[in-house]
Amino acid sequence: MIELESMPLPVSRPDTADTLLRLDGLKTYYPIRKGLLGRVKGHVKAVDGVSLDIRQGETLGLVGESGCGKSTIGRTILRLEQSTGGVIRYRGEDITHYSTSKMRPMRTEMQMIFQDPFSSLNPWMRVRDILKEPMIAHDKASSATVDAEVDRLLDAVGIPRAYKERYAHEFSGGQRQRIGIARALALNPKFIVCDEPVSALDVSIQAQVLNLLKQLQKDMGLTYLFIAHGLGAVKYISTRIAVMYLGKVVEIGTKEEIFRAPKHPYTQILLNAYPVPNPHLRGREKIVVQGDVPSPANPPSGCRFHTRCPFVQDRCRQEEPALLGGIDGHAAACHYAF
């Protein structure tokens, strides 16, 4: 039997002036240790060769099942996790192996909004101190101006100034997330990783927070990586959408292309499960997916989705598909997508 080897070729990605962030073959592995000596017996391949471009002023939505590596990508970009391989470029500068001291000035450019608005805020600090801390640590405000900056941030996110003396537990979930957004804005960043910022909120509050993020993006020229598993939020806020499965990007395109004509079977299944308010479309044919997500410590050969794909062919089991398409068009990692 001939062993087939397939190295996926990246989509053509010319470096343009509006490219803010570029990932080339990014990998983030976590060691699996066993035994008394803790020897490494394998790796969990959370992110396994992801290449993406994020353009200035856009929102790139990153969607997929829990455990597919979405949050790990965001944390690796910000160097909260150490990459195993690949390159991270911000404004053309390779920051992949920057030391802690060299990353310090980059923190003013890149920030994060966390998923849980309660655990991400220090319960022992008042709101004013939570917002002051990053500005003082990075010398972005003097003692004479820091209070005025705190008021400006509270105004921007819709929190009354009188509330700045309160603690985090005295706020609702939506208000806490607004405070988390204000903290992310404290250093006037250009790029923000939004790690499922509305998943822990009620639906009505989700809409308010999404509208706030869109307004802040318009007012401050922000660029977002918006991570979510809910297609509704991604569709509403995103410019382009990348779909992940088991550590890899399987499809990327504008939100209109993704929702109108998905190319990858996994994307089709995600959209098929998305509730449609039109009663005439409720009887549409369902695409049934079988089985569970394979372990990222031992991903299947060939196409990683072939163990669950209803359209699987022999080629899918042996040959890994490349992400094919144009940078301004629709790209999918499926042998039969086009």
Side-chain angles (χ1 to χ4, degrees), residues 20-30 43-54 58-86 88 110-117 119-120 177 180 184 191-201 206 209-210 213 223-253 255 258-259 262 264 266-271 273-274 289 292-297 299 304-305 308 323 331-333:
L20 182 69
L21 184 85
R22 167 165 286 193
L23 308 180
D24 286 312
L26 184 67
K27 297 181 180 181
T28 306
Y29 294 175
Y30 298 104
H43 290 86
V44 174
K45 300 177 180 179
V47 179
D48 195 13
V50 169
S51 298
L52 287 174
D53 289 340
I54 303 178
E58 80 165 345
T59 299
L60 177 65
L62 194 58
V63 66
E65 292 175 277
S66 296
C68 70
K70 308 184 302 295
S71 296
T72 304
I73 285 182
R75 294 177 64 85
T76 305
I77 289 172
L78 298 184
R79 297 294 310 284
L80 301 177
E81 301 284 353
Q82 182 61 50
S83 63
T84 306
I88 307 168
M110 310 163 73
Q111 285 291 310
M112 189 169 191
I113 301 169
F114 295 92
Q115 177 179 358
D116 187 350
S119 62
S120 64
Q177 193 59 289
F191 173 68
I192 298 180
V193 174
C194 305
D195 186 13
E196 302 195 36
V198 298
S199 63
L201 306 177
Q206 288 183 14
V209 172
L210 289 174
L213 289 172
T223 302
Y224 294 143
L225 174 62
F226 189 88
I227 299 168
H229 58 260
L231 289 173
V234 171
K235 183 180 182 181
Y236 180 70
I237 198 171
S238 299
T239 312
R240 293 185 300 136
I241 296 174
V243 181
M244 281 195 70
Y245 182 80
L246 207 62
K248 287 185 175 290
V249 172
V250 297
E251 186 164 0
I252 186 169
K255 65 179 178 182
I258 295 292
F259 275 83
H264 197 280
Y266 179 64
T267 310
Q268 294 172 17
I269 289 167
L270 287 180
L271 293 175
Y274 179 64
V289 61
D292 298 322
V293 181
S295 170
R304 296 197 171 184
F305 188 59
R308 305 174 70 198
L323 188 64

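With sequence neighbours left out, the side-chain contact (heavy atoms from CB on, under 4.5 Å) criterion links Leu270 to Leu231, Val243, Tyr266. Scanning for side-chain hydrogen bond (donor to acceptor under 3.5 Å, both in side chains) contacts around Tyr224 gives an empty result, with sequence neighbours left out. Residues satisfying the side-chain hydrogen bond (donor to acceptor under 3.5 Å, both in side chains) criterion with Gln268, sequence neighbours excluded, are absent altogether. In this view, Ser295 and Ala297 satisfy the side-chain contact (heavy atoms from CB on, under 4.5 Å) rule, not counting sequence neighbours. Every side-chain hydrogen bond (donor to acceptor under 3.5 Å, both in side chains) that Glu58 has, sequence neighbours left out, goes to Arg240. Ser71 is linked by a side-chain hydrogen bond (donor to acceptor under 3.5 Å, both in side chains) to Asp195, counting only residues two or more places apart in sequence or in another chain.
Between Leu23 and Ile73 the shortest side-chain heavy-atom distance falls below 4.5 Å.
Remark: side-chain polar atoms of Arg75 are not paired, donor with acceptor, to backbone N or O of Glu81 under 3.5 angstrom.
Here the shortest heavy-atom pairing between Cys68 and Met244 reads O-CE, 3.2 Å.
Of the options Leu213, Ile241, Leu62, Leu60, a side chain to side chain contact (heavy atoms under 4.5 Å, CB included) to Phe226 is made by Leu213 and by none of the others.
Thr28 and Thr72 share no donor-acceptor pair across their side chains, judged by distance under 3.5 Å alone.
We find the NZ-CD1 distance between Lys235 and Ile258 to be 12.0 Å, quoted to the nearest 0.5 Å.
Arg308 has no carboxylate O lying under 4.0 Å from a charged side-chain N of Asp292, or vice versa, which leaves the two without a salt bridge.
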